There are 2 protein chains.
Amino acid sequence: MATHKRAEFTEAEQRLAAIAKALGHPARVAIVRLLAQRRACVCGELVLELPLSQSTVSQHLKELKAAGLVQGEIDGPRVCYCLDLTGWAMARRLLGDLLAAMPTPEAAAPGCC
Amino acid sequence: MATHKRAEFTEAEQRLAAIAKALGHPARVAIVRLLAQRRACVCGELVLELPLSQSTVSQHLKELKAAGLVQGEIDGPRVCYCLDLTGWAMARRLLGDLLAAMPTPEAAAPGCC
DNA sequence: TTTGCTTATCGTCGATTTACGATTGCAAAC
DNA sequence: GTTTGCAATCGTAAATCGACGATAAGCAAA
């Protein structure tokens, strides 16, 4: 099998993978969509909008926060969540780069498949 | 905790999540990048380019195939892998939709955070 | 047919994810 | 100082993931 190239993975690859992973669950896609929709920051309303328990929603929010896609600020007894626009700018850049590198069906590649 | 809305999740949310999940690993990002780079379909060369064993690479390819992002054709003793352009068109659409729904830092939202 | 190469699959292991209820923590209101 | 309400965390259980070596399967050439 020869030896590996041990190239490990690029910083960009890991960042992109982390963002993609954070979006790799329907609930988290739904959450960011909800946050984008009502620009005003909802908090526990998310629980009412989702078919999940409060603790589960809290965990998903934690992962989105870790991925840098969501911010949370304590606002009195409740917590105000909203999108982390800086993180989304990064996501836009990384995803855009990847998609730009992928050929489109129109520009059919001369490849074998 | 009131009762849930039981909205479950949209078809689009699930599709997008599946695609994102497939890209949620650095190795798989690296694989699709390699496939885009050398338009000609590489096969086991991927193993040489990645710091992973043959079986692991095969599994990642299987997941990418399941997500509709990669195609494989048997070509004699080896297998010819390449991007599934139809799948990438879908990915482009779904990811584009999501990113379009997200506010940019310039268009600062009047929200609370 | 047998050999050799390439890829897929099996079996396994530990780590991680997903989900939930129960508990804790915290800030405001009483 | 209590009480109330919201959200985070803990603990847990089932499922999935990521990785590997070993083994099987497929095809071409010898």
Side-chain angles (χ1 to χ4, degrees), chain A residues 1-9 13-14 17-31 34-35 41-67 70-82 112-113, chain B residues 1-9 13-14 17-31 34-35 41-67 70-82 112-113:
Chain A
M1 188 187 306
T3 53
H4 296 143
K5 258 207 167 178
R6 278 287 150 205
E8 294 304 333
F9 299 109
E13 281 165 355
Q14 304 201 37
I19 290 172
K21 194 171 175 182
L23 296 175
H25 193 290
R28 292 195 286 267
V29 175
I31 286 174
L34 282 170
L35 288 179
C41 305
V42 286
C43 30
E45 293 181 39
L46 291 171
V47 177
L48 296 180
E49 296 288 338
L50 297 169
L52 298 171
S53 75
Q54 179 264 322
S55 56
T56 304
V57 171
S58 188
Q59 277 195 162
H60 282 307
L61 283 168
K62 189 178 177 183
E63 286 181 60
L64 286 170
K65 252 196 287 186
V70 154
Q71 270 177 321
E73 279 185 12
I74 314 175
D75 171 31
R78 65 199 68 210
V79 173
C80 164
Y81 279 107
C82 55
C112 59
C113 308
Chain B
M1 191 187 303
T3 54
H4 297 142
K5 255 208 165 178
R6 277 285 150 208
E8 295 305 331
F9 298 110
E13 281 165 355
Q14 305 202 37
I19 290 173
K21 194 172 176 182
L23 295 175
H25 192 290
R28 293 195 285 268
V29 174
I31 287 174
L34 282 170
L35 287 178
C41 306
V42 289
C43 30
E45 292 181 40
L46 290 172
V47 177
L48 297 180
E49 298 287 339
L50 297 170
L52 298 171
S53 77
Q54 179 266 321
S55 57
T56 305
V57 172
S58 188
Q59 276 196 163
H60 282 307
L61 283 167
K62 190 177 176 184
E63 286 180 62
L64 286 169
K65 251 195 289 186
V70 154
Q71 268 176 321
E73 278 186 13
I74 314 176
D75 171 31
R78 67 198 68 211
V79 173
C80 164
Y81 279 106
C82 56
C112 60
C113 310

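Everything numeric in this text was worked out from a predicted model, so none of it was measured. A note on names: the letters A, B, ... follow the listed sequences, proteins ahead of strands, and every chain is numbered from 1. When reading the values below, keep in mind they use all heavy atoms of this one structure, side chains included, and skip hydrogens, waters and symmetry mates.
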Please report the shortest heavy-atom distance between B:Ala22 and B:Leu64, naming the atom on each side.
O-CD2, 4.0 Å
Less than 4.0 angstrom between a side-chain N/O of B:Arg78 and OP1 or OP2 of D:dA28, yes or no?
no
Between B:Leu23 and B:Val29, what is the shortest heavy-atom contact and its length?
O-CG2, 3.3 Å
Write down the atom of A:Leu50, the atom of A:Ala30, and the distance for their closest heavy-atom approach.
CD2-CB, 3.9 Å
Rounded distance (Å) that lies between atom P of D:dA7 and atom CD of A:Gln71
17 Å
Nucleotide C:dA19, atom C1' - distance to CZ of B:Phe9 in whole Å:
11 Å
Please list, pair by pair, any protein nitrogen or oxygen found under 3.5 Å from a nitrogen or oxygen in nucleotides 24-30 of chain C.
none

Contacts under 3.5 Å, N or O only, protein and nucleotides 8-15 of chain C:
from, atom 1, to, atom 2, distance (Å)
C:dA8, OP1, B:Tyr81, OH, 2.2
C:dA8, OP2, B:Ser58, OG, 2.9
C:dA8, N7, B:Gln54, NE2, 3.0
C:dA8, N6, B:Gln54, OE1, 3.2

side-chain contact (heavy atoms from CB on, under 4.5 Å) partner of A:Tyr81, chosen from A:Glu45, A:Lys65, A:Gln71, A:Glu73
A:Lys65
Using only side-chain N and O atoms of A:His60, determine if any of them is under 4.0 Å from OP1 or OP2 of C:dA19.
yes
Which residue, A:Gly44 or A:Lys21, contacts DNA chain D at a nucleotide closer to its 5' end, judged by nearest heavy atom?
A:Gly44
Parallel, tilted or perpendicular, as decided by the 30° and 60° cut-offs, for the rings of A:His60 and A:His25:
tilted
Taking every heavy atom of B:Leu52 against every heavy atom of B:Ala27, the minimum-distance pair comes out as CD1-CB, 3.6 Å
Just compare C:dC20, C:dT7, D:dG18 and give me whichever is closest to any side-chain atom of A:Leu52.
C:dC20
Report yes if some heavy atom in the side chain of B:Leu46 is under 4.5 Å from a heavy atom in the side chain of B:Leu61; otherwise report no.
yes
How about A:Leu35 and A:Val70: do any of their side-chain heavy atoms sit closer than 4.5 Å?
yes
